[in-house]
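Okay, so here's the structure we're looking at.
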Amino acid sequence: MTRRTRVRFAPSPTGPLHMGGVRTALYNYLYAKKRGGDFILRIEDTDSQRFVPGAEEYIIEALAWCGISPDEGVENGKPVEVPSAKHPYAPYRQSQRKSIYRSYAEELVKNGYAYYAFDTPEELDAARSAAELKGEVFTYNFKVRENLRTSLSLPKEETLRLISDGSNWVIRFKMPENQIIKMNDLIRGEIEVNSSTLDDKVLWKAVDQLPTYHLANVVDDRLMEISDVIRGEEWLPSLPLHYMLYEAFGWNDVRPAFAHLSLLLKPDGKGKLSKRDGDRLGFPVFPLEWKNSEGEISRGYREDGYFPEAFVNLLAFLGWNPGTEQELFSLEQLTEAFSLERVVKSGAKFNPEKAKWFNQEYLRMKSTDQLALSFENQLKEKGISKDIGYITKVVDLVKERAVFVKDFWELSDFMFITPVNYDLKVKEKFWKDNTSEILDDIAAMLEDMDQFSKDAVEASLPVYIKEKGWQMGSVMNCLRLLLVGESKGPGIADIMALIGKEETLLRIRRKSLLP
RNA sequence: GGUCCGUUCGUCUAACGGUUAGGACUCAAGAUUUUCAUUCUUGCAAUAGGGGUUCGAUUCCCCUACGGACUACCA
């Protein structure tokens with residue numbers, strides 16, 4: 001039986017999408033596209049308490065920035081609430097699918113796979129505290145459910161009365177005793193667990209009269225005909241429950257295949273990558289900038305100057321490799337090369353240095369014209385406007401040195417403004433008693449040049465210095481100090497030709513400003 | 001505490017029983033560049049530990065250690 005590959009990325013809109021989440025979405029997307037299938041974006045907003053305004057829009061925008069476009073699912077600015085040709089399984093927001101789930105929960109009760117429980121949160125807290133006092137852990141399972149107030153222990157009339165009385169009930173899955181649950185994971189292989197170690201998970205919540213993740217997830221995956229579930233490792237412990245749910249619904253033959261991705265770990269120390277690590281170590285953990293309700297801003301890869309292609313590339317390589325030595329892949333190439341077999345089982349520590357390296361590689365692949373356009377925008381923000389031809393020449397000169405477009409300024413500010421601060425260490429090292437007169441001499445010589453091109457300067461200046469018997473190192477470095485302000489930048493001739501004769505002479509004659 | 005998952009250079013990883021354990025990032029050294037950077041070359045650096053299985057284990061099995069996730073009317 002081969003069925004169409006349909007995968008879903010199903011985030012919860014409780015905040016900005018973490019880069020680990022983007023990676024999960026990416027792997028889902030690559031897997032689906034490789035197999036000619038569908039990638040679906042579903043919003044799992046069954047936790048009414050933790051809903052964060054703007055989070056859903058953020059998720060959609062982040063995926064779009066990465067070039068991951070869902071075939072079906074929620075869209076920004078477009079209502080996707082009723083089924084259509086493009087969105088046959090709409091709605092894709094679980095809060096809008098509310099009415100669907102109740103009957104499935106009740107079906108489970110009717111068939112003896114689930115039951116009503118009337119314990120209040122306070123009672124459960126008390127039970128947990130009591131167990132803790134004895135050094136035990138309270139587990140809601142086959143050992144206790146008959147002794148608690150549930151539809152299993154209470155008389156039928158009492159149960160019915162409690163249900164109709166109010167909303168203070170939940171539906172729990174009746175996890176069987178001592179049953180070996182055999183599961184398969186596409187990345188990890190066979191996994192077995194004894195059902196006695198599991199608990200009776202809540203499927204239907206009293207607080208908001210909504211299903212929990214477990215129920216909604218299984219029901220929606222079935223209804224949306226999902227063939228493969230690729231999700232984070234944090235879901236592995238609830239895989240047995242999900243297997244049991246598929247069995248209880250009689251869906252074993254259409255149960256999706258599962259693959260659990262290892263977590264992204266913090267660069268130093270231990271544990272999973274968190275927002276704090278980014279703040280502490282100085283790199284973004286979110287694809288796009290995010291401003292929370294308190295006005296705190298978390299940086300984003302986009303705003304930090306990463307190219308989306310570079311971000312996607314580096315993310316793909318955190319836990320996957322093509323088996324060859326090629327490291328630079330476009331989204332299309334990734335799609336072609338991707339397979340779950342080559343996904344690594346262990347967690348990957350994120351390495352910000354390598355992330356920069358990826359961006360540098362992509363920057364070099366960009367055309368100078370394109371980079372010049374980006375740089376032009378950044379210059380405008382600084383109040384500097386120069387013609388694009390000039391900017392293009394500058395970019396051409398410093399492109400190889402940059403990691404981000406924003407580095408261009410630091411690398412070439414002297415191409416746009418006359419230096420006002422000078423690195424005195426350079427002066428100390430190279431400035432001699434006669435340097436000032438030499439520079440006057442050179443200025444006069446340059447002034448006499450008919451054409452002031454790079455080649456012309458390169459052909460005449462060093463020769464002139466040699467003929468005069470001056471110390472090349474000393475003169476050139478002092479010249480650079482005056483032109484640039486410090487010991488950096490492209491060749492002297494390149495700089496002179498670009499800023500022009502007039503500006504060159506001006507800068508040399510400003511030597512009187514040197515402290 | 002319990003359940004499950006994991007463990008190759010500092011980091012990301014390759015090697016699906018036989019390799020001088022390979023590559024990339026970082027770092028170091030040298031060459032080029034009359035600056036800085038780039039580039040090139042070279043180098044440093046790993047199979048967690050202990051038992052098996054096998055002619056032979058990074059690779060298969062077990063134990064230990066370590067790490068992680070989960071253990072909510074959150075996802």
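Only this structure's heavy atoms are used, side chains among them; waters, hydrogens and symmetry mates stay out. Chain naming here is simple, since letters A, B, ... match the order of the sequence lines and numbering starts at 1 in each.
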Distance only, no hydrogens: is a donor on one side chain within 3.5 Å (strictly under) of an acceptor on the other, for [X] and [Y]?
X        : Y        : value
A:Asp45  : A:Ser95  : yes
A:Asn321 : A:Arg342 : yes
A:Gln96  : A:Arg93  : yes
A:Asn194 : A:Gln179 : no

Closer than 4.0 Å, any side-chain N/O of [X] to the OP1 or OP2 of [N]?
X        : N      : value
A:Arg50  : B:rC73 : no
A:Lys205 : B:rC74 : yes
A:Lys272 : B:rC5  : no
A:Arg23  : B:rC12 : no
A:Arg401 : B:rU33 : no
A:Asn321 : B:rU13 : no
A:Ser238 : B:rC70 : no

Legend entry - Distance flag, aromatic centroids of A:Phe311 and A:Tyr301, threshold under 6.0 Å: yes
Inset, instruction - Could you tell me if the ring centre of A:Trp320 sits under 6.0 Å from that of A:Phe338? - result: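 Judged by ring-centre distance (under 6.0 Å), A:Trp320 and A:Phe338 do meet the cut-off.
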Legend entry - RNA chain B: 5'-proximal contact among A:Ala348 and A:Lys466 (nearest heavy atom):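 It is A:Ala348 whose nearest nucleotide is closer to the 5' end.
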Inset, instruction - Find which nucleotide of RNA chain B each of A:Pro490 and A:Val207 is nearest to by heavy atoms, and output the residue with the more 5' nucleotide. - result: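 The answer here is A:Pro490.
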Could you list the donor-acceptor pairs under 3.5 angstrom formed by side chains in residues 346-357 of chain A, with sequence neighbours left out?
from, atom 1, to, atom 2, distance (Å)
A:Lys349, NZ, A:Gly269, O, 3.4
A:Asn351, OD1, A:Glu353, N, 3.0
A:Asn351, OD1, A:Lys354, N, 3.4
A:Lys354, NZ, A:Glu327, OE2, 2.9
A:Trp357, NE1, A:Glu361, OE2, 3.4

When rounded to the nearest Å, what value does the distance between [atom1] atoms of [N] and [M] take?
N      : M      : atom1 : value
B:rA45 : B:rC40 : P     : 23 Å
B:rU47 : B:rC66 : C1'   : 16 Å
B:rA46 : B:rU41 : C1'   : 24 Å
B:rU8  : B:rU13 : C1'   : 9 Å
B:rC4  : B:rC62 : P     : 13 Å
B:rA15 : B:rU3  : C1'   : 33 Å
B:rA24 : B:rC44 : P     : 14 Å
B:rG18 : B:rU58 : C1'   : 12 Å

Legend entry - Mate of B:rU7 where both pairing distances stay under 3.5 Å, Watson-Crick or G-U: B:rA65
Legend entry - Mutual orientation of the aromatic rings belonging to A:Phe258 and A:His260 [parallel < 30°, tilted 30-60°, perpendicular > 60°]: parallel
Inset, instruction - Hey, can you tell me if A:Phe173 and A:Tyr113 have their rings parallel, tilted or perpendicular (30° and 60° cut-offs)? - result: parallel
Side chain of [X], heavy atoms from C-beta onward: which of [options] has the nearest atom to it?
X        : options                : answer
A:Leu263 : B:rC12, B:rA72, B:rG68 : B:rG68
A:Leu236 : B:rC5, B:rA75, B:rC12  : B:rC5
A:Trp235 : B:rU34, B:rA75, B:rA24 : B:rA75
A:Lys354 : B:rC73, B:rA24, B:rA75 : B:rA24
A:Arg128 : B:rC73, B:rA14, B:rC12 : B:rC73

Legend entry - Identified side chain to side chain donor-acceptor pair (under 3.5 Å) counterpart of A:Tyr115 within the set A:Thr159, A:Asp200, A:Thr150: A:Asp200
Legend entry - Proximity to RNA chain B (any heavy atom under 4.0 Å), residues of residues 180-201 of chain A only: A:Arg188, A:Ile191, A:Glu192, A:Val193, A:Thr197
Inset, instruction - Report the C-alpha distance between A:Phe404 and A:Tyr362 in whole Å, list the side-chain angles of each, state the deciding distance to 0.1 Å, and finish with yes or no for ring pair (Phe, Tyr, Trp, His ring centres under 6.0 Å). - result: CA-CA 9 Å; A:Phe404 301 105; A:Tyr362 275 87; over 10 Å; no
What nitrogen or oxygen pairs link the protein and nucleotides 40-47 of chain B at under 3.5 Å?
none

